Amino acid sequence: MSLQDSQDSTGSGNRAACGDAGAAAVRPSTPTRKPKPPRPEKAVTIGVSARVLFNMETEQRIYEQRGLEDYIKYQVEHETQPFSPGPAFSFVKALEAVNTQLRELYPESEELFDVVLMTNNHAYVGLRLINTINHHRGNSPIGYLKAYHTNLYLSADPAKVREALQEGIAAATMFTPEKMAEVSETQLRVAFDGDAVLFSDESERIYKAHGLDKFFEHEKAHEDQLLDHGPLKGFLEALGKLQKRFYGKGQRMECPIRTYLVTARSAASSGTRALKTLRSWGLEIDEALFLAGAPKGPMLEKIRPHIFFDDQMFHVEGAAEMGTVACHVPYGVAQRVTEREMNGRETSSAPK
C-alpha cells in the first residue's frame with residue numbers, strides 16, 4: 001500500500017511511506033506543494049516493520065493467545081483507532097526533520113531519507129495501518145527490501161533481521177525501553193558500536209579466543225592494517241553523504257545529522273586502528289567515545305541518540321535501562337549461541 005500519491009492494497013510487505021519519512025505529523029515546510037517522494041536508487045531507504053514504528057503489543061498478545069481469527073476481528077473492530085507510537089517513531093520523525101531542511105537547501109534533490117513500512121499482516125489490518133499513518137501523518141519482506149535498495153531495516157523480529165543480514169542488508173532488532181528518554185526533534189542523532197557493527201568482528205574474535213592482553217597486542221601489531229567493514233558501514237556512509245550536502249552549503253556546524261562511535265575499546269591501546277579505518281573509508285564520525293570497557297548506558301543517556309546499534313545484548317539492555325532506544329545487530333562471534341537461546345533472550349524484551 002502506497003500512501004504517497006495513491007493507495008494500492010495488493011497485499012503485505014508493500015511500501016508505505018508517509019510524508020517520505022513515516023510520520024505525517026511532521027509537515028513539509030512548503031504546504032502549498034506536495035514534495036515528490038525520492039526515487040529508491042537516490043534515496044537513503046530505511047525499512048521499518050510495523051511493530052517497531054507503532055505499539056502493537058496488545059494486538060500481538062491477542063494473536064499469540066487467541067489465534068488469527070480473533071486477531072483479525074479485533075483489528076477490524078478497532079480500525080479507526082490509531083496505534084500509538086512505537087520505539088522507531090521518534091527516529092522516523094527526526095528523519096523527516098532532516099528531509100525538510102534538505103528540501104530547503106536543495107528543492108529539486110532526490111537525495112533524501114525514504115521510509116518503507118514493511119509488514120506481513122493480514123490485508124484487513126492494512127486499513128488500520130493506513131488510518132494510523134494518516135493520523136500521525138505476508139511473506140518475508142526481504143525481497144522487498146532488496147528491491148527498494150534499503151540502507152537499513154529495523155524490526156522486532158530477530159529471525160527477519162538475521163535473514164536481512166545474510167542478504168547483505170544492514171539490519172537490527174529494535175527494543176522498546178520501559179521509559180524512553182526525550183530526544184531532539186530537529187537533529188538526528190545516531191550512535192554506533194564499532195566491532196561487529198561498523199567494523200568486522202576480527203578483533204573481537206581475538207578477544208573471545210585469547211583474552212584482553214592478546215587483544216591489545218594484536219591491535220598494536222596491526223594498528224596500520226585496516227579493519228574490514230561490518231554490517232552497518234553502508235548506513236554510516238549513507239548518513240555521511242547527506243551530511244556533506246549540508247557541509248556544501250556551509251552548514252557543518254548547523255548540520256541536523258550527528259553520528260557517534262560508542263565503543264568499549266580504549267583510546268590509547270586500541271582506538272588508533274578504528275579511527276584510521278574510518279578515515280581510510282572517507283567517513284567522519286562527529287564524536288568518537290572510547291569507554292575502555294565502562295558501561296555504555298550512562299554515556300548514551302548524555303548523548304540522547306534516537307537510535308543506538310550494538311552487537312552484544314548486555315550493551316543493548318544497559319542502554320535501554322537508561323531510556324535509549326537500542327538495537328541489536330546479530331552479527332559476528334558474539335552471536336555464537338544456539339538460535340533457541342538467542343530467540344529467547346530477544347523476544348523476552350522485544351515489542352510483541
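Only heavy atoms go into these numbers, but all of them, side chains included; no hydrogens, no water, no symmetry mates. Note that this is a predicted model, so its numbers are computed, not measured.
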Visitor: Provide the closest heavy-atom pair for V183 versus P305 in the form atom of the first, atom of the second, distance.
Guide: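 In this case the closest contact between V183 and P305 is CG1-O, 3.6 Å.
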Visitor: When you compare the side chain of V98 with that of F246, does any pair of heavy atoms fall below 4.5 Å?
Guide: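 Yes, at least one pair of side-chain atoms sits under 4.5 Å.
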Visitor: Using a 4.5 Å cut-off on heavy atoms from C-beta on, say whether the side chain of L188 contacts that of L95.
Guide: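 Contact flag for L95/L188 side chains = yes.
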Visitor: Can you give me every donor-acceptor pair (side chain of residues 213-223, partner residue at least two apart or in another chain, under 3.5 Å) with its distance?
Guide:
| from | atom 1 | to | atom 2 | distance (Å) |
| --- | --- | --- | --- | --- |
| H218 | NE2 | E202 | OE2 | 3.4 |
| E219 | OE1 | R265 | NH1 | 2.7 |
| E219 | OE1 | R265 | NH2 | 3.2 |
| E219 | OE2 | S203 | OG | 2.6 |
| E219 | OE2 | R273 | NH1 | 3.1 |
| H222 | ND1 | H218 | O | 2.7 |

Visitor: When you compare the side chain of R66 with that of Y74, does any pair of heavy atoms fall below 4.5 Å?
Guide: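 In short, these two side chains do not touch, never coming nearer than 4.5 Å.
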Visitor: Answer yes when E185 and K93 have at least one side-chain N-carboxylate O distance shorter than 4.0 Å, and no when they do not.
Guide: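 Between K93 and E185 there is a salt bridge, with a charged N closer than 4.0 Å to a carboxylate O.
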Visitor: Which residue is it: E79, H78, K73? I am looking for the one with a side chain to side chain contact (heavy atoms under 4.5 Å, CB included) to V76.
Guide: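 Single side chain to side chain contact (heavy atoms under 4.5 Å, CB included) partner of V76 among E79, H78, K73: E79.
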Visitor: Would you confirm whether T324, through its side chain, and A326, through its main-chain N or O, come within 3.5 Å as a donor-acceptor pair?
Guide: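 Checked: no pair found.
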Visitor: For residues V329 and A171, report the shortest heavy-atom separation together with the two atoms involved.
Guide: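 Closest heavy-atom pair between V329 and A171: CG1-O, 4.0 Å.
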Visitor: Under a 4.5 Å cut-off applied to non-hydrogen side-chain atoms, are L105 and Q251 in contact?
Guide: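 Yes, their side chains come closer than 4.5 Å.
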Visitor: How far apart are the C-alpha atoms of E237 and K233, what are their side-chain angles, what is the distance that settles it, and do they pass the salt bridge (charged side-chain N to carboxylate O under 4.0 Å, His left out) test?
Guide: CA-CA 6 Å; E237 285 180 324; K233 177 205 172 190; 3.5 Å; yes
Visitor: Consider only side-chain heavy atoms of I, L, V, M, F, W and Y, link residues closer than 4.5 Å, and tell whether I303 and V190 are in one cluster.
Guide: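 No, it is not one cluster - the side chains of I303 and V190 are not joined through contacts under 4.5 Å.
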Visitor: Could you please spell out the steps behind the side chain to side chain contact (heavy atoms under 4.5 Å, CB included) verdict for M322 and L300?
Guide: CA-CA 8 Å; M322 307 299 287; L300 291 165; over 6 Å; no
Visitor: Parallel, tilted or perpendicular for F235 and F91, by the 30°/60° rule?
Guide: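 If you compare the ring of F235 with that of F91, the planes turn out perpendicular.
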Visitor: Identify the heavy atoms of R245 and S109 that sit nearest to each other, and give their distance.
Guide: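 Closest approach of R245 to S109: NH2-OG, 3.2 Å.
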Visitor: Just list the side-chain donor-acceptor pairs under 3.5 Å for residues 281-289, sequence neighbours left out, or say none.
Guide:
| from | atom 1 | to | atom 2 | distance (Å) |
| --- | --- | --- | --- | --- |
| E284 | OE1 | R252 | NH1 | 3.0 |
| D286 | OD2 | Q243 | NE2 | 3.0 |
| D286 | OD2 | T259 | N | 2.8 |
| D286 | OD2 | T259 | OG1 | 3.4 |
| E287 | OE2 | R258 | NE | 3.4 |
| E287 | OE2 | R258 | NH2 | 3.2 |

Visitor: As an exercise, state the distance from CE of M313 to CD of Q335, rounded to the nearest 0.5 Å.
Guide: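 The CD atom of Q335 is 9.5 Å from CE of M313, to the nearest 0.5 Å.
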Visitor: Counting neighbours of CE on M180 that are heavy atoms of other residues, nucleotides or ligands and sit closer than 6.0 Å, is the number greater than 12?
Guide: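 Correct, the count exceeds 12.
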Visitor: Hey, quick one: are L261 and F309 part of the same hydrophobic cluster, counting side-chain heavy atoms closer than 4.5 Å, chains of contacts allowed?
Guide: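 Yes, one cluster joins them.
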Visitor: With rounding to the nearest 0.5 angstrom, report the CG to CG distance, D195 to L227.
Guide: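 Between D195 CG and L227 CG, I get 6.5 Å after rounding to 0.5 Å.
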Visitor: Apply side chain to side chain contact (heavy atoms under 4.5 Å, CB included) to residues N55 and F83 and explain how you reach the verdict.
Guide: CA-CA 6 Å; N55 184 334; F83 295 108; 5.8 Å; no
Visitor: Going from OG1 on T263 to CG on L198, what distance comes out if it is rounded to the nearest 0.5 angstrom?
Guide: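 Separation between the atoms: 9.5 Å.
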Visitor: To check you understand the geometry: which heavy-atom pair defines the closest contact between F314 and Q312, and what is its length?
Guide: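 Scanning both residues completely, I find the closest heavy atoms to be CE2-OE1, 2.9 Å.
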Visitor: Are Y71 and Q75 close enough that a side-chain donor and a side-chain acceptor fall under 3.5 Å?
Guide: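 Present: a donor and an acceptor within the cut-off.
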Visitor: Mark yes when over 12 heavy atoms from residues, nucleotides or ligands other than E77 sit less than 6.0 Å from its CD; otherwise mark no.
Guide: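 Check passes, neighbour count above 12.
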Visitor: Would a hydrophobic clustering, with Ile, Leu, Val, Met, Phe, Trp and Tyr connected at side-chain separations under 4.5 Å, put V48 with L242?
Guide: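 The answer is yes; both residues are in one hydrophobic cluster.
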Visitor: Salt bridge between D193 and K296, side-chain N to carboxylate O under 4.0 Å?
Guide: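 Looking at D193 and K296, the cut-off is met.
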Visitor: Testing the basics here: between V161 and A172, what is the closest heavy-atom pair and its distance to 0.1 Å?
Guide: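 Scanning both residues, the minimum pair turns out to be CG2-O, 3.4 Å.
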Visitor: Is any side-chain heavy atom of L102 less than 4.5 Å from a side-chain heavy atom of E111?
Guide: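 SC-SC contact between L102 and E111 ruled out.
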Visitor: For F175 and E317, what are the C-alpha separation, side-chain angles and deciding distance, and is it a side chain to side chain contact (heavy atoms under 4.5 Å, CB included)?
Guide: CA-CA 9 Å; F175 298 90; E317 291 165 354; over 6 Å; no
Visitor: Would you indicate whether the side-chain heavy atoms of Y153 and V116 approach each other to under 4.5 Å?
Guide: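 V116 does not reach Y153 side chain to side chain.
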Visitor: Sub-3.5 Å donor-acceptor pair from the side chain of R304 to the main-chain atoms of E182, do we have one?
Guide: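 It does hold such a pair.
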Visitor: Could you measure the distance from the OH atom of Y207 to the CG atom of D201? Nearest 0.5 Å is fine.
Guide: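 Reported to 0.5 Å precision, the distance equals 14.5 Å.
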Visitor: One pair to check against side chain to side chain contact (heavy atoms under 4.5 Å, CB included): L68 and Y63. What are the steps and the verdict?
Guide: CA-CA 6 Å; L68 180 60; Y63 172 73; 4.1 Å; yes
Visitor: Let me confirm one number: the CG-CG distance from L112 to N99, rounded to the nearest 0.5 Å.
Guide: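 One finds 4.5 Å between CG of L112 and CG of N99.
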Visitor: When you group the ILVMFWY residues by side-chain heavy-atom contacts below 4.5 Å and let the links chain together, are L291 and L275 in the same group?
Guide: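 Different clusters: L275 never reaches L291 through Ile, Leu, Val, Met, Phe, Trp or Tyr contacts under 4.5 Å.
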Visitor: Answer whether the closest heavy-atom distance between the side chains of F199 and E204 falls below 4.5 Å.
Guide: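 They are not in side-chain contact.
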Visitor: Which heavy atom in D311 sits nearest to a heavy atom in A334, and how many Å separate them?
Guide: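 Residues D311 and A334, closest heavy atoms: OD2-CB, 3.6 Å.
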Visitor: Answer whether the closest heavy-atom distance between the side chains of F308 and V325 falls below 4.5 Å.
Guide: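 A side-chain contact is absent here, since even the closest heavy-atom pair is not under 4.5 Å.
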Visitor: Can you tell me how far CG of L152 sits from CD1 of I307, rounded to the nearest 0.5 angstrom?
Guide: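 If we round to the nearest 0.5 Å, I307:CD1 and L152:CG are 6.0 Å apart.
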Visitor: Side-chain heavy atoms nearer than 4.5 Å, only ILVMFWY residues, links allowed to pass through others: does that put V316 and M299 together?
Guide: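 Cluster IDs for V316 and M299 differ.
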